[in-house]
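Below is one structure, written out as structure tokens; comments come after it.
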Amino acid sequence: MIAFLKRLDWPGYVLAIFLIFFVLLPIATVFLWAFTEQWFYPSILPTKWGLKYWFKVLERPDVWAAFFTSVQLSTIVTALSALICLPAAYAFARMQFPAKQWLMMSFLMGNAFPRFALIISIAVLFLSLNLVGTYLGVIIIQLLNTILLMIWLPTAAFQGVSKNMEEAAMDVGASPLRVFWHITLPQALPAIGAALLMTFVWTFYETEGAWLVGAPRVQTMPLLMMSMINNQLVVQYGAVLSVALWVPSLVALLLARRVMGSDSFAKGLGG
């Protein structure tokens, strides 16, 4: 018996127990509450199942208004981020200029700074510019949050493109624009697409900037979910919205993970 206990991978079992109680169990509880109509102590499982709260949530006009606001903001922010950051990512990957490595590290340091304090400082500035409570203010604050992701991952993608193929195409007379369109971009596109998808998802769920800069006039889905939980004290409302939003975001992140190598983020530091 003692020999058997010695062979057990205790760190692995401890980690598994930790994940079950602090990760999987809370997620399972949210799913249970989403399909629960009655659940009273000391019952381990709900005493009455149903979709009553799904219908209650989905029939609310403010839920759909917040959903379309979040989709609209995420689409605009992702498009602007791509317009600004993709050319910068190509420059970081293919060009040499002063302070290149310092600039790349500055994006990381900006995200390492306590985000809430940084957003408060920006909100104070936005207050003087009359941007608080406006869509433009929320777009700007969410756009700032996308810079790290939308520069580092595409930078790694452009660095991973085969230069031999580009040089071979130019040797047979292809113009630089044609080489970029037919050789460079197709090879970098999967990682760029993953960055765009992750940027959209992260922007959709961004809460701190939307709350400090946009509330109460700009109501996004995460802000509405917080409001419904705090004001109505009905667990099912928050559970239904959590499940409804969690499933598509998980699918999107899994799709993004499939087209990205595990070292894509780290490669963004390469010169």
Side-chain angles (χ1 to χ4, degrees), residues 26-27 30-31 33-34 51 53-86 111 115-116 118-120 122-123 126-127 129-151 153 192-232 234-257:
I27 293 175
V30 171
F31 270 85
W33 273 115
L51 299 175
Y53 288 98
W54 282 85
F55 292 116
K56 282 182 177 252
V57 169
L58 296 178
E59 70 185 8
R60 293 177 55 128
D62 56 346
V63 169
W64 291 105
F67 173 77
F68 288 118
T69 295
S70 292
V71 171
Q72 183 182 40
L73 286 171
S74 299
T75 302
I76 294 173
V77 169
T78 302
L80 290 175
S81 183
L83 185 64
I84 296 170
C85 296
L86 291 182
N111 279 264
R115 186 175 298 277
F116 193 76
L118 182 62
I119 294 176
I120 290 178
I122 297 174
F126 281 10
L127 186 62
L129 297 175
N130 295 320
L131 290 174
V132 172
T134 66
Y135 281 89
L136 179 59
V138 176
I139 288 172
I140 294 174
I141 197 71
Q142 291 185 336
L143 183 61
L144 294 175
N145 291 331
T146 68
I147 292 177
L148 176 67
L149 181 65
M150 281 299 295
I151 287 183
L153 290 182
I192 293 174
L196 290 171
L197 188 59
M198 293 177 66
T199 297
F200 183 91
V201 172
W202 286 5
T203 303
F204 191 93
Y205 293 103
E206 197 279 328
T207 304
E208 295 174 343
W211 177 52
L212 289 173
V213 176
R217 297 177 184 173
V218 181
Q219 183 84 293
T220 63
M221 280 296 286
L223 296 185
L224 177 63
M225 184 168 63
M226 292 170 55
S227 175
M228 291 174 68
I229 295 173
N230 292 333
N231 297 334
Q232 299 187 25
V234 178
V235 177
Q236 285 90 332
Y237 280 100
V240 168
L241 285 178
S242 296
V243 172
L245 297 177
W246 179 78
V247 172
S249 67
L250 177 64
V251 173
L253 292 176
L254 289 176
L255 288 174
R257 178 63 182 86

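Since the model is a prediction, treat every value here as computed from it, not as a measurement.
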Query raised in the report: Side chains of Tyr237 and Arg60: closer than 4.5 Å at any heavy-atom pair?
Result: yes
Requested in this report: Mind checking side chain to side chain contact (heavy atoms under 4.5 Å, CB included) for Leu143 and listing every partner two or more places apart, or none if nothing turns up?
Outcome: Val77, Leu80, Ser81, Ile84, Thr146
Query raised in the report: To the nearest 0.5 Å, what is the distance between CH2 (Trp54) and CD (Glu59)?
Result: 14.0 Å
Query raised in the report: Got more than 12 heavy atoms from elsewhere within 6.0 Å of CH2, Trp202?
Result: no
**Report entry** With sequence neighbours excluded, residues passing side chain to side chain contact (heavy atoms under 4.5 Å, CB included) with Val132
**Finding:** Phe126, Leu127
Query raised in the report: Hey, what do you get for CG (Leu144) to CD1 (Ile139), rounding to the nearest 0.5 Å?
Result: 12.0 Å
Query raised in the report: Checking side chain to side chain contact (heavy atoms under 4.5 Å, CB included) for the pair Met150/Ile192: CA distance, chi angles, key distance, verdict?
Result: CA-CA 8 Å; Met150 281 299 295; Ile192 293 174; 5.7 Å; no
Report summary line: Shortest non-hydrogen pair, Leu224 vs Val63, comes out as CD2-CA, 3.5 Å
Requested in this report: With rounding to the nearest 0.5 Å, note down the distance linking NZ in Lys56 to CD in Gln236.
Outcome: 10.0 Å
Query raised in the report: CG/Leu148 to OG1/Thr199 distance, rounded to the nearest 0.5 angstrom?
Result: 9.5 Å
Query raised in the report: Can you check side chain to side chain contact (heavy atoms under 4.5 Å, CB included) on Asp62 and Gln219, steps first, answer last?
Result: CA-CA 9 Å; Asp62 56 346; Gln219 183 84 293; over 6 Å; no
Report task. Locate the shortest heavy-atom distance separating Cys85 from Ile151; write the atom from each residue and the value. Result -> CB-CG1, 3.7 Å
Report summary line: Sequence neighbours excluded, the answer for ring pair (Phe, Tyr, Trp, His ring centres under 6.0 Å) partners of Trp33 is Trp39
Query raised in the report: Under the side chain to side chain contact (heavy atoms under 4.5 Å, CB included) test, which residues partner Ser70, sequence neighbours left out?
Result: Phe204, Thr220, Met221, Pro222
Query raised in the report: What residues, two or more places apart in sequence or in another chain, satisfy side chain to side chain contact (heavy atoms under 4.5 Å, CB included) together with Glu206?
Result: Ile119, Gln142, Asn145, Glu208, Ala210
Report summary line: Shortest non-hydrogen pair, Ser242 vs Val30, comes out as CB-CG1, 3.9 Å
Report task. Report the residues that fulfil ring pair (Phe, Tyr, Trp, His ring centres under 6.0 Å) with Phe31, sequence neighbours left out, ordered by chain and then residue number. Result -> Trp246
Query - Check: Val213 and Val218 side chains under 4.5 Å, non-hydrogen atoms - result: no
Report task. Look at the side chain of Thr134 and the backbone N and O of Leu131, then say whether any donor-acceptor pair between them is shorter than 3.5 Å. Result -> yes
Query raised in the report: Within the side chain of Ser227, is there an N or O that forms a donor-acceptor pair under 3.5 Å with the backbone of Leu223?
Result: no
Report summary line: Taking every heavy atom of Ala82 against every heavy atom of Leu196, the minimum-distance pair comes out as CB-CD2, 3.7 Å
